[in-house]
Amino acid sequence: MKKYFVIGNPISHSLSPKLHNYWLKENNINAVYEKIKLEENEIKDFFLKIKNQEINGCNVTVPFKKSVIPFLDKLSEEAEQTQSVNTICIHNGVVVGHNTDIIGFHKAINSLNYKIKDKKILILGAGGVVPSLIFALNKMEASEITISNRTIKKAEDLKIQFNKINTVGWGELPDFDMIINATSLGLNNETINLNTSNIGADKLFYDVIYNPKETNFLKLGKKLGNQIENGKLMFIYQAFEAFKLWHDVEPNVSEKVLKLLDHD
Ligand code: ATR
C-alpha cells in the first residue's frame, strides 16, 4: 500500500488526511495518508524514507515549506520562484518539490468570479504562504501589492524576492480593493486591530484561514458591508492539485467534500 503524509509542527489541526483519505477511497486507490509532527532535526531521516520510497509523497506545511528545499533533487518553477514547497513527489527516483498553494489560491479566486486584474491588494502578514499569494496575484495581474507585517524585516525580504511590491508599517491601511489576512491571528479567535474608518463597503476581505469559518477579521469585513471569503477553497484546490500529481486522477470537489471540512 502506498503511503503519503503531511508534515508540519504543529500538525494536529490539519484536515489534509480527512480530505485525501476521502478521495483515495472514492477513487479506489490503495493508499493511505497520515499526518506526522516533525522536529527540524527529524526532517533528514524522513527524506531518506522518501528517497528509498518507503514513503511515496508528502505535503508540507508550516514551518517547513522552505526548510525542506535542501533535501529535494529538483524544484518546479513555481516552487523555485517562491522558495516554498507544499507537495513532494517522486518521479523515476527523483524527489521533486512542487508548490500547489499558488494554483489553489488562483482557482479559489476564479471560483468567486472575482477579477484581480488592475486591483490593489493589501496583504497582512509575511509568513510561509505569502510568496505563493504574491506569485498568484502577479500572474492574475494585480496592479499593486502591498505587504504589512508586524516584523517589518520579513516584509522587506519579500520586496527583495519579488520586485514591484510595496511595504507599509503594521497597522497602516493604504487604499486597497482586496485585503488578505495571511497572519496566523484568527486561528485562536485573536483580533487584528485595524482602523476601519476609511475602509468603505466595496472591498473583498479574504482570510487564508478556514477554521474558524469566520475569523474576527472576516466578521469585521462583513459588518462593514464587504464581500468576505475564507481559505477553504484554496485548501481544497491545493490538495486537488497534489492528488493529481501523485495519483494522476482529478478528484471530485463535491458538496460532500465541502461539508467534510466544516466543523465549527
Ligand atoms: P512563519 O512566519 O513561521 O512562516 P506563518 O504562520 O506562516 O509562520 O506566519 C505567521 C504570520 O502571522 C507572520 O506574518 C506573523 O508576523 P511576524 O512575521 O511578525 O511574526 C503573523 N503574526 C502571528 N502572530 C501575530 C500577532 N500577534 N500580531 C501580528 N502578526 C502576527
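Note that ligands are numbered from 1 as they come in the structure, with each ligand's atoms numbered from 1 the same way.
- Taking a 6.0 Å sphere around NZ of K159, one finds it holds more than 12 heavy atoms contributed by other residues, nucleotides or ligands.
- At a threshold of 4.5 Å between non-hydrogen side-chain atoms, the residues Y22 and L24 do not count as touching.
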For K49 and E54, run salt bridge (charged side-chain N to carboxylate O under 4.0 Å, His left out): C-alpha distance rounded to whole Å, both residues' side-chain angles, the deciding distance at 0.1 Å, then the answer. CA-CA 5 Å; K49 289 186 185 153; E54 273 172 67; 5.1 Å; no

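- Of the N or O atoms in A126, one or more lie within a sub-3.5 Å distance of an N or O in ligand 1.
- F240 has its ring centre no less than 6.0 Å from the ring centre of F235.
- Proximity to K154 (heavy-atom distance under 4.0 Å) selects the following atoms of ligand 1: 2 (O), 17 (P), 18 (O), 20 (O).
- Closest to atom 8 (O) of ligand 1, if we only count protein heavy atoms, is V62 CG1, 4.1 Å.
- Using cut-offs of 30° and 60° for the angle between ring planes, the Y33 and W246 rings count as tilted.
- Within 6.0 Å of atom CG in D202, more than 12 heavy atoms from other residues, nucleotides or ligands are found, so the atom counts as buried in its surroundings.
- Checked by distance only, ligand 1 and G125 stay at 3.5 Å or farther apart across all their nitrogen or oxygen atoms.
- Judged by the 6.0 Å and 45° rule, K222 forms no cation-pi pair with F205.
- Contacts between L185 and ligand 1 below 4.0 angstrom, taking non-hydrogen atoms only, involve the side chain exclusively.
- Evaluated by nearest non-hydrogen atom to atom 21 (C) of ligand 1, the leading choice among T61, T151, T183, I152 is T183.
- Taking the six-membered ring for Trp and the full ring otherwise, the centers of H247 and Y4 sit less than 6.0 Å from each other.
- Counting protein heavy atoms only, atom 29 (C) of ligand 1 is closest to W170 CZ2, 3.4 Å.
- The nearest protein heavy atom to atom 3 (O) of ligand 1 is not closer than 4.0 Å.
- For R150, heavy-atom contacts with ligand 1 shorter than 4.0 Å involve the backbone as well as the side chain.
- The N/O atoms of S184, backbone and side chain alike, include one that comes under 3.5 Å of an N/O atom in ligand 1.
- With a 4.0 Å heavy-atom cut-off, ligand 1 is reached by the side chain of N149 but not by its N, CA, C or O.
- With respect to atom 7 (O) of ligand 1, the closest heavy atom belonging to the protein is G128 N, 2.9 Å.
- The protein heavy-atom contact nearest to atom 9 (O) of ligand 1 is G127 CA, 3.5 Å.
- For the residue pair N59/T87, the side-chain donor-acceptor check at 3.5 Å is satisfied.
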